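Report on one structure; see the data block that follows.
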Amino acid sequence: MKLFKYIIVFAIINFGALAIGNWLMNNGPQETWYLSLNKAPWTPPGWVFGAAWFTIMACFSIYMAYLYKDAFSSKVQGLFIIQFVLNVSWNYIFFNQHLVGLGLVVIMGLTATIAFFLNDYKKQLKLKTVLVLPYLIWLCIATSLNMYILIHN
């Protein structure tokens, strides 16, 4: 029962981060600026982003609940806060402010943070580590999309 409470708490925080990021991007994906960019040929259709982030945050909430329950430390807390700030701020930096280069730096930092989670806690969480893989894989794709836009615009 305690694990379920942690899952709910992390789901509220993680989906809250998505909501804040969505609000901060100020309708960015539908703005003329974004629509006129040269985007990577592998850019998925818009609906994929919503489905991907829903799945990612559901899995990450479960992952964080296990991590909190089994290996909580100030390092875990710090990494979680860093990923929260980077995740939320990327939307504002990229879509709202159109700072594509800084966006790339932020998303690379976010990717590194999630890679730290994967690497540093795989011995403790074992098979549960697969719950963080969707986040890491998606960030690799998103980083490549951001980099393509930086290079080709």
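Below, each value reflects all heavy atoms present in this structure, side chains not excepted, and no hydrogens, waters or symmetry copies. Treat the numbers as computed from the prediction; the structure is a model and nothing was measured. We count residues from 1, following the sequence as given.
A chain of hydrophobic side-chain contacts below 4.5 Å, direct or via other Ile, Leu, Val, Met, Phe, Trp or Tyr residues, connects I149 to F49. When the side chains of ILVMFWY residues are joined at heavy-atom separations under 4.5 Å, either directly or via intervening members, F116 and I137 end up in a single hydrophobic cluster. No continuous path of ILVMFWY side-chain contacts below 4.5 Å connects I62 to I8, so the two sit in separate hydrophobic clusters. F54 and V132 fall within a single hydrophobic cluster, where Ile, Leu, Val, Met, Phe, Trp and Tyr side chains are chained together by heavy-atom contacts under 4.5 Å. The cluster map of Ile, Leu, Val, Met, Phe, Trp and Tyr, joined by side-chain heavy atoms under 4.5 Å apart, puts Y121 and L127 in the same cluster.
Judged purely by atom type and a 3.5 angstrom limit, T43 has no side-chain atom pairing as donor or acceptor with the backbone of K39. No donor-acceptor pair under 3.5 Å is formed between the side chain of N146 and the backbone N or O of I107. A donor-acceptor contact shorter than 3.5 Å is absent between the side chain of K128 and the backbone of L125. Looking only at distances, a side-chain donor or acceptor of W90 sits under 3.5 Å from a matching main-chain atom of G103. Of the possible polar contacts, one joining the N14 side chain to the F10 backbone as a donor-acceptor pair under 3.5 Å is found. Side chain of N96 to main chain of L24: a donor-acceptor pair is present (N/O by atom type, distance under 3.5 Å, no hydrogens or angles).
Using a 4.5 Å heavy-atom threshold, the side chains of Y68 and V9 count as separate. Taking 4.5 Å as the limit, some side-chain heavy atom of K69 sits within range of a side-chain heavy atom of L3. Side-chain atoms of V105 and M108, non-hydrogen and from C-beta on, never get closer than 4.5 Å to each other. The closest side-chain heavy-atom distance from L67 to M64 is below 4.5 Å. For the pair F95/N26, no side-chain contact is recorded, criterion being any heavy-atom separation below 4.5 Å from C-beta on. Within the 4.5 Å cutoff, side-chain heavy atoms of F84 are placed close to those of I13. Counting heavy atoms from C-beta on, the side chains of Y148 and P41 come closer than 4.5 Å. By the 4.5 Å heavy-atom criterion applied to side chains, L99 and F94 are not counted as neighbours.
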inquiry  = Please evaluate residues W42 and S144 with respect to the criterion side chain to side chain contact (heavy atoms under 4.5 Å, CB included), reporting the C-alpha separation (whole Å), side-chain torsions for both, the decisive distance (0.1 Å), and the verdict.
reply    = CA-CA 9 Å; W42 60 91; S144 75; 3.0 Å; yes
inquiry  = Between F80 and F117, does the ring pair (Phe, Tyr, Trp, His ring centres under 6.0 Å) criterion hold? Intermediate values first, please.
reply    = CA-CA 9 Å; F80 183 76; F117 272 117; 7.3 Å; no
key: Verdict with reasoning, V76 to S73, per side chain to side chain contact (heavy atoms under 4.5 Å, CB included)   = CA-CA 5 Å; V76 169; S73 66; 3.6 Å; yes
inquiry  = Between T129 and K122, is the side chain to side chain contact (heavy atoms under 4.5 Å, CB included) condition met? List the steps.
reply    = CA-CA 6 Å; T129 300; K122 66 185 175 207; 3.7 Å; yes
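Using cut-offs of 30° and 60° for the angle between ring planes, the H98 and W33 rings count as parallel.
Evaluated for a ring pair (Phe, Tyr, Trp, His ring centres under 6.0 Å) with W53, the options F15, F60, Y135 yield exactly one hit, Y135. When T111, T113, L139, V88 are each tested for a side-chain contact (heavy atoms from CB on, under 4.5 Å) with Q83, only one passes: T113.
Taking CD1 of I20 as the reference point, atom CG of N87 lies at 10.0 Å (rounded to 0.5 Å). The distance from atom CD1 of I12 to atom CD1 of I7, rounded to the nearest 0.5 Å, is 12.0 Å.
When all heavy atoms of L131 and C59 are compared, the pair lying nearest together is O-CB, 3.2 Å. Shown here for I93 and V106, the closest heavy-atom pair between the two residues is CD1-CG2, 3.6 Å. Nearest heavy atom pair, residue N27 against residue Q30, reads OD1-OE1, 2.7 Å. Closest approach of N22 and N91 over heavy atoms only: N-ND2, 4.5 Å.
Under 3.5 Å, the side chains of W138 and T55 contain no donor-acceptor pair of N or O atoms.
Here W23 and Y92 keep their ring centres 6.0 angstrom or further from each other.
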